[in-house]
Amino acid sequence: MSDNKIIVTGGMGYIGSHTIVELVNAGYDPVIIDNLSNSNVSVLEGIKGITQRKIAFEEVDLSDSNACREVFSKHKDAVGVIHFAALKAVGESVEQPIRYYKNNIFSMINVLEALTTHHIDNFIFSSSCTVYGEPKKLPVTEKSPIQPATSPYGNTKQVGEEILQEAMAIEDSTIRTISLRYFNPIGAHKSTLIGELPLGIPNNLLPYLTQTAIGIREQLSVFGSDYNTPDGTAIRDYIHVVDLAEAHVVALTRLIKKQNKSNYEVFNLGTGKGNSVLEVIKSFERSTGEKVNYKIVDRRPGDVEAVYADTTFAREELGWATKRDLDEMTASAWAWEKKLRGQ
Ligand code: NAD
Ligand code: UD1
């Protein structure tokens with residue numbers, strides 16, 4: 001058995017590709033399994049440009065149980081799995097709930113079965129701060145109440161966490177799991193060789209903003225200015241994707257070294273700082289010198305007013321904290337957008 005091979009499902013995607021780079025930096029040997037449903041094979045070139053390494057890649061749909069079984073038996077010497085593979089568009093999940101449940105839940109179950117079969121004991125799950133819904137108290141700790149999901153996508157994260165909690169609770173489980181609840185990842189690797197590749201019209205703030213600044217979109221809509229926040233726009237905890245990627249390496253290593261306190265642990269991954277939509281726009285303008293054409297429109301249905309993380313548990317238990325500030329996030333998102341458009 002190799003002692004550093006890590007399977008990264010969804011490793012061609014936005015967070016996955018940045019995590020591959022940090023895994024290589026930390027001396028791990030990652031293998032990507034991805035069906036390219038929301039990514040492009042060219043990502044491998046970007047990763048190679050940064051790490052000078054050709055990463056093994058398996059094009060497989062993990063919601064197909066036979067295909068999943070086959071690819072895991074090929075890589076059964078892995079010591080851990082980071083499971084990013086999922087569909088993630090909230091609005092689309094409302095339109096296509098069955099597709100979302102099938103993709104996200106089947107994939108997770110198939111992967112867990114493969115882990116059990118091959119005694120791959122260390123598992124990291126991509127969860128989301130969406131599980132907290134509209135929090136009654138801020139910042140949110142890992143013990144803050146979980147609210148009913150407002151979309152099939154959000155529900156796949158909640159159900160995913162519940163399945164893991166129950167599966168890890170059985171006495172003969174040898175698998176150790178950490179669920180990481182991401183707040184709002186933005187930005188890109190400083191090399192501009194990898195970044196976010198949104199297909200079609202972006203739903204998320206940063207890609208919409210950078211596409212507006214570069215002229216692909218005419219105007220950014222700021223969804224609501226009547227929230228009960230200092231400037232009236234909604235507040236989120238934006239985290240640099242490289243900080244997030246580094247946290248995966250720390251969490252995985254904790255499991256591999258058996259430093260975990262229980263077989264199922266949950267951590268918030270955020271900066272602990274909330275920023276409003278207008279503050280993000282100001283940061284972008286400050287860090288890039290570009291102007292953003294925006295207008296205030298009505299609230300977006302389903303949006304929460306404010307959410308940001310209490311980071312105490314991650315800091316104390318993982319010994320991890322973010323290093324990059326909002327200006328670095330917005331500047332790197334812009335550098336990536338320009339690179340994508342050949343500027
Ligand atoms: P992404 O879409 O860029 O990456 C996901 C990758 O998984 C893609 O490359 C896609 O092709 C692949 N994939 C999807 N279904 C698959 C399947 N059945 N088999 C194999 N590969 C499959 O998304 P991301 O932003 O990198 O998100 C990664 C994970 O983090 C997801 O689970 C997402 O739900 C979660 N998450 C993301 C955010 C965010 O803001 N980006 C926030 C919270 C949680
Ligand atoms: C959304 C999802 C969340 C998911 C996350 C990552 C919803 C309700 N939530 O989080 O479940 O985990 O994406 O995919 O969709 N905004 C604008 N104009 C825009 C886009 C966004 O003003 O064009 C505002 C939003 O109202 C919000 C903030 O920017 O206040 C961040 O939005 P977004 O990037 O879409 O992330 P979330 O809504 O926090």
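All ligand and atom numbering here is 1-based and tracks the order in the structure. All of these numbers come straight from a predicted model, not from anything done at the bench. Sequence positions, counted from 1, serve as the residue numbers for this chain.
- Proximity of Tyr238 to ligand 2, defined as any heavy-atom pair under 4.0 Å, is confined to the side chain (atoms from C-beta onward).
- Taking atom 10 (O) of ligand 2 as the reference point, the nearest protein heavy-atom neighbour is Asn184 ND2, 4.1 Å.
- Close approach to Asp61 involves these atoms of ligand 1, each under 4.0 Å from a residue heavy atom: 17 (C), 18 (N), 19 (N).
- Contact annotation: Tyr153 has at least one heavy atom less than 4.0 Å from an atom of ligand 2.
- With Tyr132 as reference, Arg181 is the one residue of Glu142, Arg181, Gln147 to meet the side chain to side chain donor-acceptor pair (under 3.5 Å) rule.
- Ligand 1 places these atoms under 4.0 Å from at least one heavy atom of Ser107: 18 (N).
- The closest side-chain heavy-atom distance from Val304 to Arg236 is below 4.5 Å.
- Proximity annotation for atom 15 (N) of ligand 1: of Asn204, Asn103, Val131, Leu197, Asn103 comes nearest, heavy atoms only.
- Taking all heavy atoms of Arg300, Arg217, Arg236 into account, the minimum distance to atom 32 (O) of ligand 2 is reached by Arg300.
- Residue-ligand proximity, Asp303 to ligand 2, at heavy-atom distances under 4.0 Å covers atoms 8 (C), 25 (C), 26 (O), 38 (O).
- Not a single heavy atom of Gly154 sits closer than 4.0 Å to an atom of ligand 2.
- For ligand 1, the polar-atom distance check against Met12 finds no nitrogen or oxygen pair separated by under 3.5 Å.
- Using a 4.5 Å cut-off on side-chain heavy atoms (C-beta onward), Leu115 and Leu112 make contact.
- In this structure, Tyr308 has its ring center at least 6.0 angstrom away from the ring center of Phe183.
- Tyr28 and Thr253 are linked by a side-chain donor-acceptor pair at a separation below 3.5 angstrom, with hydrogens and angles left out of the test.
- Using a 4.0 Å cutoff on heavy atoms, Thr156 does not count as a contact of ligand 1.
- No donor-acceptor pair under 3.5 Å is formed between the side chain of Glu305 and the backbone N or O of Thr229.
- Of all heavy-atom pairs between Asn122 and Val79, the closest is ND2-O, 2.9 Å.
- Transitive grouping of hydrophobic side chains (ILVMFWY, heavy atoms separated by less than 4.5 Å) keeps Leu318 and Val266 in distinct clusters.
- Contacts of Thr130 with ligand 2, taken as heavy-atom pairs under 4.0 Å, involve the side chain alone.
- At a heavy-atom cutoff of 4.0 Å, ligand 1 is contacted by no atom of Thr9, backbone or side chain.
- For ligand 1, the atoms lying closer than 4.0 Å to a non-hydrogen atom of Val60 are 19 (N), 20 (C).
- By the criterion of a heavy-atom distance under 4.0 Å, the side chain of Lys157, and not its backbone, is placed next to ligand 1.
- For Asn38, a nitrogen or oxygen atom sits less than 3.5 Å from a nitrogen or oxygen atom of ligand 1, counting backbone and side chain alike.
- When non-hydrogen atoms are compared, ligand 2 lies under 4.0 Å from neither the backbone nor the side chain of Val304.
- Set against the non-hydrogen atoms of Pro185, the atoms of ligand 1 under 4.0 Å away are 39 (C), 40 (O), 41 (N).
- Heavy-atom contacts of Leu36 reach the following atoms of ligand 1: 11 (O) (cutoff under 4.0 Å).
- Without hydrogens or angle criteria, Asn204 side chain to Leu206 main chain gives no donor-acceptor distance under 3.5 Å.
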### Task
Show your working on salt bridge (Lys or Arg N to Asp or Glu O under 4.0 Å) between Glu328 and Lys323 and close with a plain yes or no.
CA-CA 10 Å; Glu328 192 170 344; Lys323 299 180 201 133; over 6 Å; no
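- For Asp243 (side chain) and Arg324 (main-chain N/O), a donor-acceptor pair under 3.5 Å exists by modelled atom type.
- For Tyr294, the OH atom counts as loosely surrounded, since its 6.0 Å shell holds 12 or fewer non-hydrogen atoms of other residues, nucleotides or ligands.
- Residue Ser128 approaches ligand 2 through these ligand atoms, each under 4.0 Å from one of its heavy atoms: 12 (O).
- Regarding atom 3 (C) of ligand 2, its nearest protein heavy-atom neighbour is Val90 CG2, 3.9 Å.
- Close approach to Asn203 involves these atoms of ligand 2, each under 4.0 Å from a residue heavy atom: 20 (C), 35 (O).
- Where the criterion is an N or O separation shorter than 3.5 Å, residue side chain and backbone included, Tyr208 fails it with respect to ligand 2.
- Under 4.0 Å from ligand 1, heavy atoms of Ser37 appear from its side chain as well as its backbone.
- Within ligand 2, the atoms closer than 4.0 Å to a non-hydrogen atom of Ser221 are 17 (C), 18 (N), 19 (C), 22 (O), 23 (O), numbered from 1 in the order shown.
- The distance criterion of under 3.5 Å between nitrogen or oxygen atoms is met by Leu62 with respect to ligand 1.
- Considering both main-chain and side-chain atoms, Gly302 never comes within under 3.5 Å of ligand 2 through any nitrogen or oxygen pair.
- Neither the backbone nor the side chain of Cys129 has any atom closer than 4.0 Å to an atom of ligand 2 (non-hydrogen atoms only).
- Residue Gln219 qualifies as enclosed at atom CD: its count of foreign heavy atoms under 6.0 Å is above 12.
- Ile170 CD1: more than 12 foreign heavy atoms inside a 6.0 Å radius.
- Taking both residues in full, the closest heavy atoms of Cys68 and Val60 are given as N-CG1, 4.3 Å, listed atom of the first, atom of the second, then distance.
- By the ring pair (Phe, Tyr, Trp, His ring centres under 6.0 Å) test, Tyr182 pairs with His248, sequence neighbours left out.
- Side chain of Asp61 to backbone of Asn35: no donor-acceptor contact under 3.5 angstrom is found.
- Counting the atoms of ligand 2 from 1 in the order shown, those under 4.0 Å from a heavy atom of Ala234 are 30 (O).
- For the pair Ser127 and ligand 1, a heavy-atom separation below 4.0 Å is found.
- Ligand 1 has no nitrogen or oxygen under 3.5 angstrom from a nitrogen or oxygen of Ser128.
- Looking at atom 1 (C) of ligand 2, its nearest protein heavy atom turns out to be Asn204 ND2, 3.9 Å.
- Polar contact check, Leu205 against ligand 2: a nitrogen or oxygen pair lies under 3.5 Å apart.
- Not a single heavy atom of Glu196 sits under 4.0 Å from any atom of ligand 1.
- Of all atoms in ligand 2, numbered sequentially from 1 with element shown, those under 4.0 Å from a heavy atom of Val277 are 22 (O), 24 (C), 29 (O), 30 (O).
- At a heavy-atom distance under 4.0 Å, no atom of Asn104 approaches ligand 1.
- In this structure, of Tyr153, Phe84, Tyr238, Tyr182, the residue bringing a heavy atom nearest to atom 30 (O) of ligand 1 is Tyr182.
- Side-chain contact between Thr130 and Val90: absent, with no pair of heavy atoms (C-beta onward) separated by less than 4.5 Å.
- The shortest non-hydrogen separation linking Thr271 to Ile239 is CG2-CA, 4.1 Å.
- The residue from Tyr14, Phe223, Phe183, Tyr182 that puts a heavy atom closest to atom 16 (N) of ligand 2 is Phe223.
- Only the side chain of Leu220 comes within 4.0 Å of ligand 2, counting heavy atoms alone; its backbone N, CA, C and O stay farther away.
- The Val222 neighbourhood of ligand 2 comprises atoms 22 (O), with distances under 4.0 Å to a heavy atom of that residue.
- With Gly154, Ser126, Ser17 as candidates, the residue nearest to atom 35 (C) of ligand 1 on a non-hydrogen basis is Ser126.
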